[in-house]
There are 2 protein chains.
Amino acid sequence: MGAELKSAKEKFVESWGQMGGAWGINKTMARMHALLMISDVPLTADDIMAALAVSRGNTSMNLRALVDWGLVRRTSLPRDRKEYFTCEKDVWTMCCRIARERKKREIEPVIGAIDECLKEAGGDKEAAAFRKKLNELLELVRLLDFVLGKVGNQEKAAVLPKVLTLLKAMA
Amino acid sequence: MGAELKSAKEKFVESWGQMGGAWGINKTMARMHALLMISDVPLTADDIMAALAVSRGNTSMNLRALVDWGLVRRTSLPRDRKEYFTCEKDVWTMCCRIARERKKREIEPVIGAIDECLKEAGGDKEAAAFRKKLNELLELVRLLDFVLGKVGNQEKAAVLPKVLTLLKAMA
DNA sequence: TAGTACATTCAGAAGTAATTGAAAGTACGG
DNA sequence: CCGTACTTTCAATTACTTCTGAATGTACTA
């Protein structure tokens with residue numbers, strides 16, 4: 001592989017890792033995701049260890065996390081005891097997976113927490129302003145939940161770019 | 001204030017802090033935001049220090065960060081040397097501010113990084129698959145950027161709930 | 001101008017999260 | 001079964017982030 005291309009790929013892996021950091025995602029996990037995205041062949045744990053200079057244990061744990069997020073698949077070839085990892089090919093499908101997970105991990109718990117607070121606040125007059133604010137927040141968060149749910153449940157990820165591009169054309 | 005209400009408010013502050021953590025936001029900053037959201041009077045740094053049991057320095061820094069995010073305003077009353085802090089009242093306006101900041105801090109840098117990688121990758125045939133993948137990602141990220149831009153630029157935050165509710169009704 | 005009342009900064013302490021690597025686990029082939 | 005080739009786990013370590021509080025800065029008042 002040409003030196004330019006190699007350096008560009010490394011740059012991309014690092015940038016994606018950086019972005020992961022900003023989004024509260026483990027940086028190494030994001031780098032592994034990037035590496036798999038731009039690899040046109042499945043990679044083994046050893047490949048990834050070598051490419052990113054991380055330990056075996058770390059590689060194992062972060063790959064498992066990526067699989068849990070539904071962003072990476074493990075496959076094993078017959079007559080080969082090694083496991084191979086591949087990234088979801090289609091970026092729109094990837095987008096749906098991320099939406100689904102973020103909804104589940106980040107939005108739903110907030111809805112639950114606000115509900116509980118509302119219950120605990122009681123019906124007193126002095127709690128009225130508090131209840132009102134919680135209800136406003138709930139409405140906002142529920143709408144976010146709804147939107148992420150819609151995106152996350154796309155069966156055919158292919159429709160997503162069309163819908164969004166349409167949205168863009170309308171605006 | 002009734003004990004129930006007080007406990008419910010504390011619970012809300014802690015939950016919002018928790019959520020901040022999941023979103024890669026400083027937990028204390030998120031707790032301060034929550035506290036200000038549910039306070040019907042402006043608070044001083046001392047009020048916040050006392051309510052959340054954090055140091056003066058920490059309070060000062062996190063409040064500044066909240067002001068930088070456009071989520072909190074400082075106001076000073078005449079004949080009072082103290083500064084008072086208030087949270088943006090309207091949750092939809094708050095939502096716009098968050099969208100604007102996240103676009104600027106998290107999406108735009110990614111677009112820049114991908115662009116740079118594309119430039120560096122060059123036009124070689126062997127880079128074709130890499131360029132293709134980068135372009136797909138770019139399309140996705142640009143759409144996200146667009147959507148956040150739309151939300152963030154709402155002049156009248158009041159239209160946002162209407163648009164979103166409409167979207168919900170349609171689906 | 002000095003004193004007071006507040007806010008800000010920042011070096012170091014405390015706390016949290018990521019990482020390593022060696023030991024334990026698993027499963028296949030013979 | 002046993003050895004081999006791999007993967008996973010986890011206690012200890014390292015790296016990073018947040019927090020503290022004393023020193024410093026700012027600006028109002030008398």
Side-chain angles (χ1 to χ4, degrees), chain A residues 13-14 16-36 41-69 71-86 105-106, chain B residues 13-14 16-36 41-69 71-86 105-106:
Chain A
V13 169
E14 292 312 312
W16 202 252
Q18 204 56 41
M19 185 212 60
W23 281 78
I25 287 160
N26 182 313
K27 205 176 134 184
T28 301
M29 181 175 150
R31 291 199 304 152
M32 288 180 180
H33 183 221
L35 187 66
L36 286 166
V41 293
L43 299 180
T44 65
D46 287 271
D47 295 334
I48 295 167
M49 283 170 64
L52 304 182
V54 295
S55 73
R56 185 169 294 285
N58 198 2
T59 305
S60 173
M61 287 191 298
N62 281 115
L63 283 173
R64 178 223 280 265
L66 282 167
V67 171
D68 287 347
W69 270 76
L71 296 174
V72 164
R73 268 194 312 278
R74 342 166 79 95
T75 53
S76 33
L77 273 59
R79 23 199 69 264
D80 189 342
R81 208 174 268 204
K82 279 197 281 293
E83 290 190 304
Y84 287 80
F85 295 89
T86 48
R105 297 174 191 221
E106 292 159 10
Chain B
V13 169
E14 292 313 312
W16 202 252
Q18 204 57 41
M19 185 212 60
W23 280 79
I25 288 158
N26 183 314
K27 206 176 133 185
T28 301
M29 180 174 152
R31 291 199 303 152
M32 288 180 180
H33 183 222
L35 187 66
L36 287 165
V41 293
L43 299 179
T44 64
D46 288 87
D47 296 333
I48 295 166
M49 283 170 65
L52 303 182
V54 295
S55 72
R56 185 170 296 283
N58 198 3
T59 305
S60 173
M61 287 191 299
N62 280 303
L63 284 173
R64 177 223 281 261
L66 282 168
V67 170
D68 287 347
W69 270 76
L71 297 174
V72 163
R73 268 194 312 278
R74 344 167 78 97
T75 53
S76 32
L77 273 56
R79 25 197 69 261
D80 189 342
R81 197 176 276 204
K82 279 196 281 292
E83 289 189 305
Y84 288 81
F85 295 88
T86 48
R105 296 173 192 222
E106 293 159 11

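All values below come from the heavy atoms of this structure, side chains included, with hydrogens, waters and symmetry mates left out. Labels below follow one simple rule: chain letters A, B, ... track the order of the sequence lines, proteins then strands, and each chain is numbered from 1.
- The phosphate of dT19(C) has OP1 or OP2 within less than 4.0 Å of a side-chain N or O from T28(A).
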task: Give the C-alpha distance, both sets of side-chain angles, the deciding distance and a yes or no for side-chain contact (heavy atoms from CB on, under 4.5 Å) between L63(A) and L36(A).
output: CA-CA 10 Å; L63(A) 283 173; L36(A) 286 166; 4.2 Å; yes
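- Ranked by how close their nearest DNA chain C nucleotide is to the 5' end, T59(A) and D46(B) are led by D46(B).
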query: How far apart are the C-alpha atoms of R56(B) and D46(B), what are their side-chain angles, what is the distance that settles it, and do they pass the side-chain contact (heavy atoms from CB on, under 4.5 Å) test?
result: CA-CA 8 Å; R56(B) 185 170 296 283; D46(B) 288 87; 2.9 Å; yes
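- Atom CE of M49(B) is separated from atom P of dA7(C) by 10 Å (rounded to the nearest Å).
- Mapping I25(B) and Y84(A) onto DNA chain D via the closest heavy atom, the residue that lands nearer the 5' end is Y84(A).
- The side chain of N58(B) places no N or O atom within less than 4.0 Å of a non-bridging phosphate oxygen (OP1 or OP2) of dG21(D).
- One can place CG of L52(B) at 16 Å from P of dT18(D), the figure rounded to the nearest angstrom.
- Listed pair R56(A) / dA23(C) fails the phosphate criterion, with no side-chain N or O lying under 4.0 Å from OP1 or OP2.
- Between R81(B) and dT4(C), a side-chain N or O to OP1/OP2 separation shorter than 4.0 Å is absent.
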Review item, side-chain donor-acceptor pairs of residues 18-30 of chain B, under 3.5 Å, at least two apart:
from   : atom 1 : to     : atom 2 : distance (Å)
N26(B) : OD1    : T28(B) : N      : 2.8
N26(B) : OD1    : M29(B) : N      : 3.3

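- Rounded to an integer number of Å, the gap from NZ of K82(A) to P of dC28(C) is 15 Å.
- Remark: P of dT19(C) and CG of L63(A) are 13 Å apart, rounded to the nearest angstrom.
- Between the P atom of dG25(C) and the CE atom of M61(A) lies a distance of 17 Å, rounded to the nearest Å.
- Comparing S60(B) and N62(A) by the nucleotide of DNA chain C whose heavy atom lies nearest to each, the residue mapping closer to the 5' end is S60(B).
- The two residues L52(B) and R31(B) come nearest to each other via the heavy atoms O-NH2, 3.4 Å.
- Summarising the geometry, the separation between CG on D47(A) and P on dC6(D) is reported as 12 Å, rounded to the nearest angstrom.
- dC19(D) atom C1' lies 13 Å from atom NZ of K27(B), rounded to whole Å.
- Distances shown here put a side-chain N or O of R74(A) below 4.0 Å from the OP1 or OP2 atom of dT8(D).
- Per the geometry, CG belonging to N26(B) stands 14 Å off C1' belonging to dA17(C), to the nearest Å.
- In terms of heavy atoms, M32(B) sits closest to T59(B) at CE-CA, 3.5 Å.
- Of the candidate nucleotides dG21(C), dT9(C), dA27(D), dG21(C) has the atom nearest to the side chain of S55(A).
- Projected onto DNA chain D by closest heavy-atom contact, R31(B) and G57(A) fall at different nucleotides, the more 5' of which corresponds to G57(A).
- Here R64(A) reaches the OP1 or OP2 of dT9(D): one of its side-chain N or O atoms lies under 4.0 Å away.
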